[in-house]
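Here's the structure, in structure tokens; my notes come after.
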Amino acid sequence: MPRSQEDISKNMSKIRSKDTSIELLLRKALWHKGYRYRKNYTALPGSPDIVLTKYKIAVFCDSEFFHGKDWEILKLRLKKGKNSDYWIKKIERNRSRDWENDKKLLYLGYTVIHFWGSDINKHLDECIATIEEAVWDCRINNFP
């Protein structure tokens with residue numbers, strides 16, 4: 001059943017760029033593990049969702065749609081839908097901007113980690129373990 005423009009608009013208005021459910025889930029788990037962080041840190045390129053400044057780790061919690069998970073498959077699906085040119089350009093630009101910000105962060109000496117929303121929801125412990133590995137690497141490499 002096709003959705004009306006009103007339904008689509010209502011749905012899109014509820015999509016947030018900060019404090020999404022996946023961010024909150026990951027942040028809460030990190031907090032309980034004793035990690036302190038900055039959220040949506042605008043001093044860095046791309047305003048990472050979570051930044052462990054002490055260890056120079058930037059974490060992004062990416063939604064599958066807006067950041068183009070399995071892009072080639074998603075792109076084919078979008079071509080069949082409404083307003084396909086808009087969505088394809090938007091998501092390609094998001095992917096390009098993500099890549100540019102990653103390069104800038106790496107140049108600044110940050111470890112950059114991206115998690116898909118579904119991975120955070122289904123495999124939170126593995127996401128935390130990945131961050132802890134990066135913290136451990138930082139501690140080892142910066143040991144006097």
Side-chain angles (χ1 to χ4, degrees), residues 1-139 141:
M1 182 170 147
R3 297 181 307 172
S4 70
Q5 187 61 38
E6 188 178 298
D7 290 341
I8 293 169
S9 184
K10 186 177 177 183
N11 188 38
M12 293 301 290
S13 72
K14 293 180 181 180
I15 295 173
R16 303 161 59 136
S17 63
K18 295 179 182 178
D19 297 331
T20 62
S21 60
I22 56 176
E23 283 179 46
L24 293 173
L25 187 63
L26 187 59
R27 288 195 328 233
K28 191 177 284 189
L30 284 171
W31 190 267
H32 286 296
K33 287 272 193 173
Y35 293 103
R36 300 302 177 247
Y37 51 80
R38 291 183 179 267
K39 59 181 194 167
N40 307 110
Y41 194 39
T42 57
L44 292 177
S47 299
D49 300 315
I50 300 168
V51 178
L52 287 83
T53 52
K54 180 177 180 180
Y55 305 108
K56 292 186 101 174
I57 298 171
V59 180
F60 292 91
C61 305
D62 296 335
S63 71
E64 285 80 356
F65 180 77
F66 287 102
H67 293 272
K69 182 178 184 185
D70 300 325
W71 178 232
E72 294 308 316
I73 297 167
L74 178 60
K75 191 174 182 180
L76 290 173
R77 255 185 48 217
L78 287 172
K79 284 182 181 178
K80 296 175 186 174
K82 290 183 180 177
N83 215 1
S84 61
D85 290 339
Y86 169 79
W87 286 111
I88 290 170
K89 283 181 186 175
K90 179 173 182 53
I91 294 170
E92 283 179 342
R93 179 61 190 134
N94 287 350
R95 290 169 52 85
S96 173
R97 187 174 45 246
D98 289 346
W99 187 73
E100 291 166 14
N101 288 329
D102 288 356
K103 285 194 319 188
K104 291 174 187 174
L105 288 165
L106 290 169
Y107 180 77
L108 294 171
Y110 277 79
T111 300
V112 180
I113 302 171
H114 285 267
F115 293 118
W116 294 114
S118 59
D119 292 337
I120 294 170
N121 284 324
K122 295 176 185 172
H123 309 288
L124 181 61
D125 293 339
E126 291 175 25
C127 295
I128 297 297
T130 300
I131 294 170
E132 288 181 321
E133 275 183 41
V135 168
W136 182 251
D137 286 345
C138 181
R139 286 181 177 165
N141 292 331

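Since the structure is predicted, the reported quantities are computational estimates derived from the model, not experimental observations.
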So how far is it from [X] [atom1] to [Y] [atom2], rounded to the nearest 0.5 Å?
X: Ile113; Y: Glu133; atom1: CD1; atom2: CD; value: 9.0 Å
X: Glu92; Y: Leu78; atom1: CD; atom2: CG; value: 10.0 Å
X: Ser84; Y: Lys89; atom1: OG; atom2: NZ; value: 10.0 Å
X: Asp70; Y: Glu64; atom1: CG; atom2: CD; value: 9.0 Å
X: Trp71; Y: Ile88; atom1: CH2; atom2: CD1; value: 5.5 Å
X: Ile120; Y: Leu26; atom1: CD1; atom2: CG; value: 5.0 Å

inquiry  = Does atom CZ (Arg77) have a neighbourhood of more than 12 heavy atoms from anything else shown, all under 6.0 Å?
reply    = no
request  = Check the surroundings of atom CZ in Arg27: do more than 12 heavy atoms from other residues, nucleotides or ligands lie under 6.0 Å from it?
outcome  = yes
Indicate the atoms forming the closest heavy-atom contact of [X] with [Y], along with that distance.
X: Val51; Y: Tyr110; result: CG1-CE2, 4.0 Å
X: Ser118; Y: Lys69; result: OG-NZ, 3.6 Å
X: Leu105; Y: Pro48; result: CD1-CG, 4.3 Å
X: Tyr35; Y: Leu52; result: CD2-CD2, 3.8 Å
X: Trp116; Y: Ser63; result: CZ3-O, 3.6 Å

key: Donor-acceptor contact present, side-chain Asp49 to main-chain Cys61, <3.5 Å   =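 Confirmed, Asp49 side chain pairs with Cys61 backbone.
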message = If we ignore hydrogens and angles and just use 3.5 Å, is the side chain of Lys56 paired with the main-chain N or O of Leu108 as donor and acceptor?
response =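 Answer holds: yes.
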ask   = Mind checking whether Tyr37 and Trp31 have parallel, tilted or perpendicular rings, split at 30° and 60°?
value =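 Perpendicular.
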message = Between Arg93 and Glu100 (salt bridge meaning N to carboxylate O under 4.0 Å), is one present in this structure?
response = yes
request  = With side chain to side chain contact (heavy atoms under 4.5 Å, CB included) as the test, would you mind laying out the steps for Tyr55 and Asp137 before giving the verdict?
outcome  = CA-CA 9 Å; Tyr55 305 108; Asp137 286 345; over 6 Å; no
Check: [Y] and [X] side chains under 4.5 Å, non-hydrogen atoms:
X: Ile131; Y: Lys33; answer: no
X: Trp87; Y: Lys82; answer: no
X: Phe115; Y: Thr130; answer: yes
X: Asn40; Y: Glu23; answer: yes

ask   = Under the side chain to side chain donor-acceptor pair (under 3.5 Å) criterion, do Asp98 and His67 qualify, and how do the steps go?
value = CA-CA 8 Å; Asp98 289 346; His67 293 272; 2.7 Å; yes
